[in-house]
Participant: 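One structure follows; several queries about it will come next.
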Amino acid sequence: MKAVFFALLLSLCSATLNADDGPTLAEGQAAIQAQDFVGAAMILEVVTTREPQNALAWQLFGYALHAQGRIEEALAAHAKTAGFAKLFPSVLKGAALFVEKPRILYTLVGEAAGDQFGWVARPVDDLDGDGVLDFAATAPSHATGGVRSGRVYVYSGRAGKLLFSVDGKTGYSLGNSVAPAGDVNADGTPDLIAGAPGGGGNRSRAGTAYVYSGKDGSQLATYTSKQPGDTLGFDAVGIGDVDGDGGVDFLLTSAWSPALGPQTGRVFVIAGPTFGD
């Protein structure tokens with residue numbers, strides 16, 4: 001029934017399509033029928049940008065996003081269809097969002113729709129030395145060139161001021177995890193570790209965990225899987241000095257490792273790097 005429904009909708013506006021303008025509505029619909037919702041969303045995002053009044057393109061775009069579980073983005077796309085927005089209540093903000101009406105000190109908002117800002121948010125010790133715990137928040141779907149690369153933000157806990165941010169490589173989904181790492185390079189400032197399990201969006205590649213300086217976000221160490229398709233960095237955290245060598249060690253996870261069977265997963269305890277005086 002879905003295939004017939006989409007074919008009927010497509011026929012209503014197929015005369016307006018021009019293949020020379022780039023990806024077409026027909027290509028987006030074909031991707032949906034093939035269950036390639038990621039590809040369909042990428043195609044339909046181009047179509048809706050080019051044809052912002054095309055209600056059918058927005059409807060299909062919303063369907064492709066919804067099928068990926070990207071609910072807020074799907075609702076925003078569906079809202080472009082006449083009358084759809086009236087079906088939903090207004091967005092609650094501030095204390096009105098909560099049943100308990102807490103006193104909100106400040107609110108941080110993601111840079112763009114679809115970034116999944118706040119996927120993980122954790123304290124990472126006092127990095128700026130003001131006596132208040134600071135924290136990191138991640139946006140693993142933050143896109144670079146239309147492909148999710150991910151971004152990690154580090155904020156002052158006192159006022160929410162951005163201290164620094166770090167970007168992932170294209171397709172790696174940096175920020176699926178983030179956690180305090182301890183003072184890895186012994187410079188007096190606590191550091192942090194973040195996971196990028198996406199492997200560049202290519203099943204022949206694998207995930208990575210990165211250790212960053214808490215002082216300026218510079219990269220101190222990396223741990224990259226050689227196993228194709230392995231999601232190393234799904235979670236990553238510093239666990240102190242496990243082996244007694246004076247350095248900080250790490251706990252890394254891989255929730256998916258095809259070589260072991262679907263979703264078998266592994267947990268690694270890794271000796272951290274050592275830095276000379």
Side-chain angles (χ1 to χ4, degrees), residues 1-88 110 112-117 119 139-150 168-173 176 196-207 228-231 234 255-258 261-264:
M1 286 295 294
K2 288 183 178 179
V4 173
F5 173 71
F6 287 122
L8 178 60
L9 289 176
L10 178 60
S11 67
L12 296 177
C13 64
S14 59
T16 66
L17 302 177
N18 186 340
D20 294 334
D21 292 334
T24 66
L25 185 61
E27 291 171 336
Q29 191 260 354
I32 288 177
Q33 291 182 328
Q35 304 292 297
D36 178 12
F37 299 115
V38 173
M42 293 178 66
I43 292 170
L44 293 164
E45 183 174 17
V46 174
V47 174
T48 53
T49 300
R50 185 181 66 227
E51 305 171 29
Q53 302 305 316
N54 191 330
L56 176 57
W58 282 111
Q59 184 174 358
L60 295 179
F61 185 29
Y63 180 85
L65 292 169
H66 190 277
Q68 297 177 63
R70 297 161 64 178
I71 305 302
E72 291 188 7
E73 294 173 85
L75 291 176
H78 282 307
K80 300 291 185 177
T81 303
F84 192 87
K86 297 179 181 179
L87 301 176
F88 294 91
D115 275 10
Q116 294 186 301
F117 178 70
W119 179 263
S141 294
H142 179 79
T144 301
V147 181
R148 64 172 61 187
S149 54
K169 296 179 181 179
T170 300
Y172 274 73
S173 300
N176 194 77
N202 186 328
R203 289 190 178 276
S204 66
R205 302 176 186 172
D230 193 273
T231 60
F234 189 85
W256 177 283
S257 186
Q263 299 185 15
T264 302

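In this chain, residues are counted from 1 in sequence order.
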Participant: Show the nearest heavy-atom pair for residues Ala143 and Ser149, with the distance to one decimal.
Facilitator: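 Heavy atoms only, the tightest pair is C-OG, 4.1 Å.
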Participant: Can you tell me how far CG of Leu25 sits from CD1 of Ile43, rounded to the nearest 0.5 angstrom?
Facilitator: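 The CD1 atom of Ile43 sits 10.0 Å away from the CG atom of Leu25.
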Participant: Has the side chain of Thr231 got a donor or acceptor atom that lies under 3.5 Å from a matching backbone atom of Ala255?
Facilitator: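 A pair under 3.5 Å: yes.
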Participant: Is there side-chain contact between Val47 and Leu60, with heavy atoms separated by less than 4.5 Å?
Facilitator: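 The answer is no; the side chains never approach within 4.5 Å.
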Participant: Rounded to the nearest 0.5 Å, what separates atom CD in Gln29 from atom CG in Leu44?
Facilitator: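 Rounded to the nearest 0.5 Å, the CD-CG separation comes out at 9.5 Å.
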Participant: At what distance, to the nearest 0.5 angstrom, does CD of Glu27 lie from CG of Asp36?
Facilitator: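 Result: 12.0 Å between the selected atoms.
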Participant: How far apart are the closest heavy atoms of Ala206 and Tyr172, and which atoms are they?
Facilitator: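 Heavy-atom minimum between the residues: O-CE2, 3.8 Å.
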Participant: Which atom pair, heavy atoms only, marks the closest approach of Ala74 to Gly62?
Facilitator: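 It is CB-O, 3.4 Å.
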Participant: Could you tell me the separation between the CD atom of Glu72 and the CG atom of Asp115, rounded to the nearest 0.5 Å?
Facilitator: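 So the gap between those two atoms works out to 11.5 Å.
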Participant: Does Ile71 reach the side chain of Leu65, with side-chain heavy atoms less than 4.5 Å apart?
Facilitator: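 No, side chains not in contact.
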Participant: Looking at Thr48 and Asn54, would you say the former's side chain and the latter's main chain have a donor-acceptor pair under 3.5 Å?
Facilitator: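 Such a contact is absent between Thr48 side chain and Asn54 backbone.
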Participant: Could you tell me which non-hydrogen atom of Ala40 sits nearest to which non-hydrogen atom of Gly28, and how far apart they are?
Facilitator: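 In this case the closest contact between Ala40 and Gly28 is CB-O, 3.7 Å.
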Participant: Applying ring-ring contact (aromatic ring centres under 6.0 Å, His included), name anything that partners Phe234, two or more places apart in sequence or on another chain.
Facilitator: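 Per chain and number, Phe234 pairs via ring-ring contact (aromatic ring centres under 6.0 Å, His included) with no residue.
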Participant: Atom CD in Glu73, atom CZ in Phe61: separation rounded to 0.5 Å?
Facilitator: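 Between Glu73 CD and Phe61 CZ, I get 7.0 Å after rounding to 0.5 Å.
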Participant: Is a side-chain donor or acceptor of Arg50 paired with a backbone partner of Pro23 at a separation under 3.5 angstrom?
Facilitator: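 Indeed, once roles are kept as given, a pair shorter than 3.5 Å links the two residues.
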Participant: Nearest 0.5 Å, please: how far is CH2 in Trp58 from CD in Glu51?
Facilitator: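 Answer for the CD-CH2 pair, Glu51 versus Trp58, is 11.0 Å.
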